[in-house]
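Data block below; observations after.
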Amino acid sequence: MTTTTRPTVSRRISNALKQNRGRAAIIAALAFIFLSGLFTMDTGDWVITVLRGLAVGAITFLVASGLSLIFGLMDVLNLAHGELFMLGAYVGWTVYVRPDTFMDMALPVALALAVAFCAPFLAPIAGRLSLSVGASRVVGVVLGVIGFLGAVWAFRRFPLSIWDLEQFDKTPTSDSIALQQGVQTVPEPAAWTGSAVVAIVVLILGVLAIVAGFAVVRYRTRVPEPTNARNLIPIAAAVGAVVVLLAFGDPMTDWLYSISTTYRFFLALVVALAGGFALGALIEIALIRPLYDRPIYQLMMTLGLGFIVIELVREVWGRPEFSMPKPALFAGTGDGCPGEGLGGLFSGCSTVKFLDTRVRMYNEVFIITVGVIVLVIITLLIKRTRIGMIIRAGVQDREMVEALGVNVRRVFTMVFALGVGLAAFGGVIAGPALGLSPEMGSRVLLLALIAMAVGGLTSFPGAAAGAVLVGLLQQFVIKAGSTGIPLPWSDQPFQPSPSLVPVSVILLMIVVLLVVPEGLYGREE
Amino acid sequence: MTSFAPTRASLWSRYRLVAVALIAAVAFPFIVGLLSGQSPAAVLAGEAGNAKFLQGLAIEVFILALYALSYDLVLGVTGLLSFGHAMFFAVGAYASGIMLKSFGWPFWVTFIGVLVAAVVNALLFGLVLPRVKGIAFALVTLGLSSVFFIVVQSSELAKYTGADVGLQGAPVPEWIDTNVHRFRVYLITLAALTIAYLIYRAIVRAPTGAVLLANRENEERALSLGYNTFWFKLFALVVSSLTAGVAGFLWTVQQPIVTPQVAGLGWTVAALLMILIGGVGTLTGAIVGAAVFRLLEYYLERWFGGTAPVLVGASYIAIVLFLPYGIVGTWRARTVNRRQGLDRLRRLFGIRARRSQ
C-alpha cells in the first residue's frame with residue numbers, strides 16, 4: 001500500500017533502526033553469537049544447546065514474569081522471589097514423593113484456614129472495643145504471640161509422618177532414590193500425640209487468637225462491613241475439607257500412593273500454584289502493605305523473608321541436595337525407546353532422537369512447552385481481561401488509576417499472589433531437571449533479575465525475551481567451555497571455566513543497561 | 001537529617017558526644033577487665049580473658065562501622081542506590097591480601113596500594129554514573145560486584161586470590177598483630193573510625209554536603225540550580241571507596257584471612273542492614289547499626305545455635321516494622337516530642353521554656 005502521506009516501508013524500517021541503534025546492535029551481536037555456533041559445531045550440538053537455552057529461559061521466565069509484574073505495578077523488588085521458587089519446589093517434592101506427609105499437613109492447615117477466614121466476623125467486635133492506637137497494638141501483639149505459641153503446641157500433637165533427618169535411610173534423599181528405582185515403601189501412618197480433641201481445640205483457639213489480634217489492630221477505627229453470605233463460602237469449603245480429611249485421610253493417602261507418578265506430579269503442580277498464590281496474598285497483606293511508603297525497607301523485608309525461608313527449608317527438609325524423580329510419562333525406557341522424530345514425542349520415552357541428537361523429553365521438551373503455555377496464558381490475561389487492563393494501566397500511571405476509583409490495593413494483592421504462585425509452580429517444574437537444594441533460589445533469582453533488566457524492568461514481554469536471551473547465552477558459554485572460543489591473537493582457544501559462566505550473563509546486563517538504560521523492550525520515561 | 005552547625009558554637013558543644021563516646025570506648029576494656037577480675041596492667045599486656053575477647057569483638061564492630069559509614073554516605077546522604085558496595089570493601093581486603101601475601105610487598109607500600117586501588121574502583125563506578133539512574137544503577141553496580149566476586153573465585157586467578165578458599169594468613173608486621181597487641185589494634189581501629197566519622201560529619205555539614213543532600217532529594221532541581229551533580233556524586237563515591245578500602249585493609253590485617261564472602265551480595269546486604277537498623281542518612285546510625293548487627297549475630301548464634309539465622313531474620317523484620325526510621329532516626333524523630341513535653345512541664349512549674357532548636 002503506497003500513499004503519499006505515509007513513508008515507504010523501507011524508510012520506516014530505516015527510521016526504526018536509527019531510533020533503536022543500540023537495541024539493533026545488541027540483538028545483532030547476540031544473533032551472531034548464536035548463529036555462528038551453526039558453523040563451528042555439529043548441527044546436533046547446536047540444536048541441543050539451543051533447546052537447553054530455551055529450557056533455562058523458560059524456568060527463568062516463570063520467576064522473572066512475576067518479578068517484573070510486581071515491580072512494574074507496585075515498585076516492589078521482591079528479593080525473596082527466588083526463595084519462594086525454592087519453597088515451591090520442596091513443597092511439590094513432598095506432594096510427589098511423600099504424599100502421606102502432605103495429607104497429614106493438609107489437616108491442620110485446612111483447620112487453621114477455616115478459622116482464619118472468620119476474620120471479617122470479628123471486625124464488629126474489634127470495632128466495638130474502641131482501643132487507643134498503643135493499646136490496640138499491645139493487645140494485638142499479645143494475642144498474636146499467645147495464639148502462635150498455642151498453635152505450635154497443638155501442631156506438634158498432630159499425626160505428622162515426616163522423615164527422620166538423623167537416620168540416612170529415612171531422609172528425603174533416600175525417599176528420592178527409592179522412588180527413582182521404583183521401590184516405594186508406604187510409611188506407617190503416624191498416631192496422634194495425646195488427645196486428638198485437645199489438639200484440635202487448642203489449634204482452633206490459637207489461630208482464633210492470632211486472627212483476633214490481627215482484627216484488633218486492623219479494624220480499630222473502621223466501621224465494620226456488614227457480614228455477607230459470600231464470606232461463608234471459603235469457611236464452608238475449609239470446614240468441608242477438614243471433615244473429609246478426618247474421615248477419609250488414610251484411604252486417600254493409600255490411593256495417592258497407588259496412582260501413577262504422572263498424576264501425582266500434576267497434583268504437585270496444582271498444590272504449588274495454589275499454595276504459592278495463598279502465601280503470596282498473605283505476604284502482601286501482612287508484610288509488604290505496611291511498607292509502601294518506604295521502598296528501601298521493603299527490600300530489607302523481602303531479604304529477611306528470604307533468609308527465613310532458606311533456614312526453614314534447611315530445618316524441615318535437611319541440608320543436602322536431593323533429586324526429584326521424573327514423572328512416569330517422561331521416564332519410559334522400554335521397547336521402542338528412544339523415540340524417533342516428531343512421532344517420538346508421544347511415545348512416552350525419556351529421550352527422543354531428533355536432528356542427529358538425543359533430546360530429553362522432560363528437561364527440554366516439557367519445560368519449554370510449559371514455558372510457552374504460561375507465556376500465552378499470562379499474555380491473554382494481561383491483554384484481554386479486565387484485571388489485565390487495570391494492571392497495564394497501573395504500570396503506566398498508578399495514581400491515575402487510583403483516582404479513577406479502581407481498588408488498586410486489591411489488584412496489588414492479586415498480582416503479588418499470582419507472581420509468587422508462578423514462582424512456586426516454576427520450582428516444581430524445575431525440580432526434576434535441576435534437583436533440589438536450598439541454594440537453587442538465589443541462582444534463579446540472579447538470572448531472573450538479569451532477564452528483567454535486559455528486557456526492560458517493567459515490561460512483561462521484555463521479561464520473557466530477556467529470559468530467553470539469558471538462557472541461550474548461558475548455555476552457549478557453557479558449550480564454549482568444552483569446545484573453546486578461538487581468539488585472533490593467540491592460537492590457544494580460550495576455554496572459560498564453569499565458574500566464569502555467570503559472568504557472561506552479567507556482562508550482557510551491564511552492556512544492555514549502559515547502551516539502552518530502559519532495556520530492550522522498555523520505554524524512555 | 002543532619003542540621004547545619006551553628007556558626008559560633010564552642011569546641012565542647014561541637015564535639016561533646018564524640019568526646020564522651022571516645023573516653024567510654026577507651027575505658028571499656030579496663031572496665032570489663034576489672035569486672036572479671038583482671039588488673040589494668042594485665043589488660044594492657046593483652047592477657048587472655050574476657051577483656052581481650054570483647055576487644056576482638058569491638059574491633060570487628062569498629063571495622064564494620066567504618067564500612068557502614070561509607071555506605072551511608074553513598075546511599076543515605078547522596079541517594080545513590082548501589083548494590084555493589086561490597087566490592088569497595090572487598091577491593092581493599094583483596095588488594096591488601098594480594099600485595100602482602102602474593103606479592104610480598106611491605107606494609108606501608110601495601111597501604112598506599114590499597115588507597116590507589118580504592119580510587120580506581122570508585123572511578124570505575126563513576127564511569128557508569130552518567131548513563132544509569134535509580135534501580136538501573138543498582139543493577140549495574142550489582143553486576144560489577146558480582147563479576148568481581150566470580151573472578152576472584154575463578155580457578156584462573158587461583159595463584160593470586162586463592163580461588164574459593166581465599167587467602168589464608170597474610171603476613172602482618174608484628175607491631176600490629178592482633179593476637180599480641182590487641183589493645184593497640186583496638187585503639188588504631190577506634191581512631192580510624194573516629195577520624196572517618198569526624199570527616200564525614202564535616203563533609204555533610206559543609207556546602208558540599210548540602211549539594212549531596214539536594215541530589216538525594218531532587219536531582220533535577222539541584223541540576224537546574226547550576227550544580228553539576230556528577231562531580232559531587234563522584235566525590236561521594238571516591239570518599240566512600242577510600243573509607244571502605246581502609247576498612248577492608250584493617251579487616252585483612254586483623255583477621256588475617258581474606259575470604260570471597262566479603263565480595264558477595266551478602267556483604268552489601270550486611271551494610272544495608274546496618275544502616276537501616278541505625279537509620280539511613282544519620283552517620284551515627286551507621287555506627288549504632290554496625291554494633292547492633294554484629295552483636296545480635298554473635299550472641300544469637302551463641303545462645304540459640306542452629307536456629308539463630310531464623311531469629312536474626314525475624315528480628316530484622318521486627319526492626320523494620322517497629323522502628324520505621326532505624327534506631328537513631330526514630331530517636332531523633334521522637335526527640336522533638338520529648339522536648340515539647342519537657343517545655344510543657346517547665347511551663348507548668350513557671351520556669352521559662354528553653355529556646356527550642
Side-chain angles (χ1 to χ4, degrees), chain A residues 71 75 77 79 137 141 286-287 290-291 293-312 314-315 442 445-446 449-450 452-454 457-458 494-519 522 525, chain B residues 75-76 79 81 83 127-128 130-158 163-164 264-266 268-269 272-273 275-277 280 306-326:
Chain A
F71 184 75
D75 286 341
L77 196 58
L79 293 179
R137 268 195 199 161
V141 170
L287 298 177
L291 298 175
D293 310 330
R294 297 185 279 146
I296 295 185
Y297 286 83
Q298 271 174 345
L299 277 183
M300 180 168 162
M301 167 68 78
T302 54
L303 268 174
L305 195 67
F307 289 144
I308 289 181
V309 171
I310 291 185
E311 287 309 317
L312 200 75
R314 282 188 180 151
E315 285 286 307
S442 50
L445 181 70
L446 185 69
L449 275 178
I450 292 171
M452 231 176 109
V454 167
L457 285 167
T458 59
F494 174 63
Q495 292 185 324
S497 66
S499 61
L500 280 180
V501 169
V503 170
S504 63
V505 191
I506 296 168
L507 284 181
L508 171 70
M509 174 185 81
I510 293 178
V511 168
V512 168
L513 283 178
L514 288 180
V515 177
V516 258
E518 65 275 5
E525 283 173 18
Chain B
L75 176 69
L81 184 58
F83 272 178
L127 273 183
V128 305
R131 284 298 290 174
V132 284
K133 304 234 149 52
I135 285 281
F137 181 73
L139 289 174
V140 169
T141 49
L142 172 67
L144 288 174
S145 74
S146 307
V147 169
F148 182 77
F149 178 57
I150 294 165
V151 167
V152 294
Q153 285 192 78
S154 69
S155 49
E156 278 89 343
L157 287 177
D164 48 0
L265 178 60
T268 302
V269 170
L272 185 64
L273 288 178
I275 67 170
L276 287 177
I277 291 171
V280 178
T307 51
V310 177
L311 294 173
V312 172
S315 41
Y316 290 151
I317 289 186
I319 287 173
V320 170
L321 286 179
F322 296 111
L323 286 175
Y325 304 103

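These values consider heavy atoms only, across backbone and side chains, with no hydrogens, waters or symmetry-generated copies. In the text below, chain A, chain B and the rest are named by the order of the sequence lines, each starting its count at 1.
Here the side chains of L139(B) and L457(A) are in contact, with some heavy-atom distance below 4.5 Å. Looking at I506(A) and I150(B), their side chains come closer than 4.5 Å, going by heavy atoms from C-beta outward.
Both the backbone and the side chain of L513(A) have a heavy atom closer than 4.5 Å to some heavy atom of chain B. With a 4.5 angstrom heavy-atom cutoff, F83(B) touches chain A only via side-chain atoms. L514(A) touches chain B through backbone and side chain together, each having a heavy atom under 4.5 Å away. For V512(A), no part lies under 4.5 angstrom from a heavy atom of chain B. At a 4.5 Å heavy-atom cutoff, the contact between L291(A) and chain B is made by side-chain atoms alone.
Environment of CZ in F137(B): crowded, with over 12 heavy atoms of neighbouring residues, nucleotides or ligands closer than 6.0 Å. With a 6.0 Å radius and a threshold of 12 heavy atoms from other residues, nucleotides or ligands, R314(A) has its CZ atom above the threshold.
Screening residues 133-146 of chain B for salt bridge (Lys or Arg N to Asp or Glu O under 4.0 Å) gives no qualifying pairs among residues at least two apart or on separate chains.
Expressed to the nearest 0.5 Å, how far CG of L507(A) lies from CG of L144(B) amounts to 9.0 Å. The distance from the CG atom of L77(A) to the CG atom of L81(B) is 9.5 Å, given to the nearest 0.5 Å. Here the CD1-CG distance, from I450(A) to L142(B), works out to 7.5 Å after rounding to the nearest 0.5 Å.
The salt bridge (Lys or Arg N to Asp or Glu O under 4.0 Å) search around R131(B) returns none, not counting sequence neighbours.
In terms of non-hydrogen atom pairs under 4.5 Å with chain B, the most contact-rich of L303(A), L446(A), L287(A) is L303(A).
Considering all non-hydrogen atoms of both residues, V132(B) and P517(A) come closest at CG1-CB, 4.2 Å.
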